[in-house]
Amino acid sequence: MADSQSNARLRADAGAPTSGVIHVRTRLTADFTVISNALAQRRGSAVTVGVAVYILSLPTGAPVTIAALCEHFSEGEILISRALQELEDAGYLERRRERLASGQVRTRTYFYGVPGGEEPDSPPEPPEPPRPRARPVVPESGPATGPGGPSPAPSPERSENPAPALADADPKAVAVLAALRRIDARLVLSTQEAALLAPAVAEWLAAGVAPRELTELLTAGLPDRFQARPARVLAFRLRETPLPAPPQPVVEPRPAVLPFQTCDGCERAFRSHEPGHCRNCREHLVGERLRAAG
């Protein structure tokens, strides 16, 4: 009698579980990232964990803006923005506004492998080229003098306008900007870019342009390759395309004014096309005729 044959293994590996995942580990010596279990096993959105792991794998100085993350992930800017906010609330991510020696303000992003860990060393500031000495600005009417002498020129830092916030923008304008990436996947805008473009879009909507027509205006005939950020292309179209003329209000013709007539009965003035009796006299005459007929 022939022996029965089977493809199954005769004996299971010692210590192997009967269910669940079985790890097949490979020792890596390069191109790997160390991630804490608290972050990798964080409960909640998988997008948040994926964004955190991706940021940890990037080299220092790599862009991690919403636009840059949207170019890597298939999720939209809403989910990416929500993931960054969750990481910031949990203490993994920190965004700071720092002023450079030149007076410019920029945002630096710090990412911690463990919330509350040691702060990473800041990269050294690149040396700035020497700036030419500005000549003092003197008004045409003469220098303004005071108790302490001439008044200094206003500093450009004090006159700098703060960046608009997306929460203060028109919701209809924000909806139009957010829908552009569904027409053209390249039109991904950051929160700051959308806040800067929203007032111009709101102006078009206030001029009577429907959101669908405005979307076609912003997306039709775009170049195959952008030479600048998509936000600059949209800003150029919004600025250079003339706004449609506002609809003219419909003016209803005023009714003709009837001329004054003198009543033949009481000699009072009343308005009518033809001379005759006023309303009171007509009613009085009708009443007399009815009584005479009765």
Side-chain angles (χ1 to χ4, degrees), residues 21 23-102 104-128 163 165-167 177-178 180-182 184-197 224-234:
V21 63
H23 293 286
V24 181
R25 303 186 183 277
T26 301
R27 183 178 180 81
L28 300 176
T29 58
D31 295 334
F32 65 91
T33 303
V34 178
I35 303 171
S36 66
N37 288 340
L39 177 58
Q41 301 174 7
R42 185 179 186 272
R43 298 180 61 87
S45 172
V47 179
T48 303
V49 178
V51 170
V53 173
Y54 175 69
I55 294 177
L56 282 173
S57 67
L58 295 176
T60 300
V64 290
T65 60
I66 296 178
L69 295 176
C70 286
E71 293 179 359
H72 177 79
F73 293 99
S74 59
E75 284 76 11
E77 59 182 355
I78 295 179
L79 292 179
I80 297 298
S81 177
R82 187 179 302 168
L84 292 177
Q85 188 61 46
E86 289 182 3
L87 293 173
E88 188 172 2
D89 295 339
Y92 288 98
L93 184 142
E94 181 183 4
R95 286 176 279 205
R96 302 181 187 175
R97 293 178 60 85
E98 301 179 355
R99 187 177 299 276
L100 304 179
S102 61
Q104 298 178 347
V105 178
R106 71 175 179 184
T107 301
R108 271 183 174 169
T109 302
Y110 295 87
F111 201 91
Y112 301 90
V114 177
E118 295 182 0
E119 182 175 328
D121 296 333
S122 300
E125 295 287 349
E128 297 189 4
L166 188 61
L177 294 172
L180 295 179
R181 68 186 305 270
R182 292 198 290 267
D184 192 328
R186 299 174 299 171
L187 300 179
V188 178
L189 304 175
S190 65
T191 303
Q192 183 178 4
E193 290 173 340
L196 293 173
L197 292 174
D224 297 334
R225 188 173 183 180
F226 291 152
Q227 300 296 331
R229 286 283 302 167
R232 295 190 177 182
V233 178
L234 299 177

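Below, all heavy atoms of this structure are taken into account, side chains as well, without hydrogens, waters or symmetry copies. This is a predicted model, so every value here is computed, not measured.
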Visitor: Return the OG1 to CZ distance between Thr107 and Arg96, rounded to the nearest 0.5 Å.
Guide: 12.0 Å
Visitor: What pair of heavy atoms forms the shortest contact from Ile66 to Glu77, and how long is it?
Guide: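 That closest heavy-atom pairing would be CG2-CB, 3.8 Å.
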Visitor: Distance from Arg95 atom CZ to Leu87 atom CG, nearest 0.5 Å?
Guide: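 Reported to 0.5 Å precision, the distance equals 9.0 Å.
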Visitor: Measuring from Ile55:CD1 to Thr33:OG1, what's the distance to the nearest 0.5 Å?
Guide: 12.0 Å
Visitor: Only one of Leu79, Ile80, Leu84 clears side chain to side chain contact (heavy atoms under 4.5 Å, CB included) with Arg82; which?
Guide: Leu79
Visitor: Do Leu39 and Leu56 have side-chain heavy atoms sitting under 4.5 Å apart?
Guide: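 Counting from C-beta outward, Leu39 and Leu56 do come under 4.5 Å.
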Visitor: Around atom CZ of Arg186, are there more than 12 heavy atoms from other residues, nucleotides or ligands closer than 6.0 Å?
Guide: yes
Visitor: Using every non-hydrogen atom in the two residues, find where Phe73 and Gly50 come nearest and quote the distance to one decimal.
Guide: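 Residues Phe73 and Gly50, closest heavy atoms: CZ-O, 3.8 Å.
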Visitor: Might you confirm whether atom CZ of Arg232 has over 12 heavy atoms from other residues, nucleotides or ligands at distances under 6.0 Å?
Guide: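 Counting other residues, nucleotides and ligands, CZ of Arg232 stays at 12 neighbours or fewer.
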Visitor: Would you compute the distance between atom CD of Glu94 and atom CD of Glu88 and round it to the nearest 0.5 angstrom?
Guide: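 If we round to the nearest 0.5 Å, Glu94:CD and Glu88:CD are 8.0 Å apart.
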Visitor: Could you give the distance from CG (Leu234) to CZ (Arg229), rounded to the nearest 0.5 Å?
Guide: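 CZ of Arg229 is found 10.0 Å from CG of Leu234.
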Visitor: Of all the heavy-atom pairs spanning Ala83 and Val51, show the shortest one and how long it is.
Guide: CB-CG2, 4.1 Å
Visitor: Give the minimum heavy-atom separation between Glu86 and Ser45, together with the two atoms involved.
Guide: OE1-CB, 4.2 Å
Visitor: Give me the atom names and distance for the closest heavy-atom approach of Gly76 to Arg181.
Guide: CA-NH1, 3.6 Å
Visitor: Which pair of heavy atoms, one from Pro115 and one from Tyr92, lies closest together, and at what distance?
Guide: CD-CE2, 3.4 Å
Visitor: I would like to know whether Cys70 and Val188 meet side-chain contact (heavy atoms from CB on, under 4.5 Å); could you show each step before the answer?
Guide: CA-CA 7 Å; Cys70 286; Val188 178; 3.7 Å; yes
Visitor: Keeping the roles fixed (side chain from Ser81, backbone from Ile78), state whether a donor-acceptor pair exists under 3.5 Å.
Guide: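 No; zero donor-acceptor contacts below 3.5 Å.
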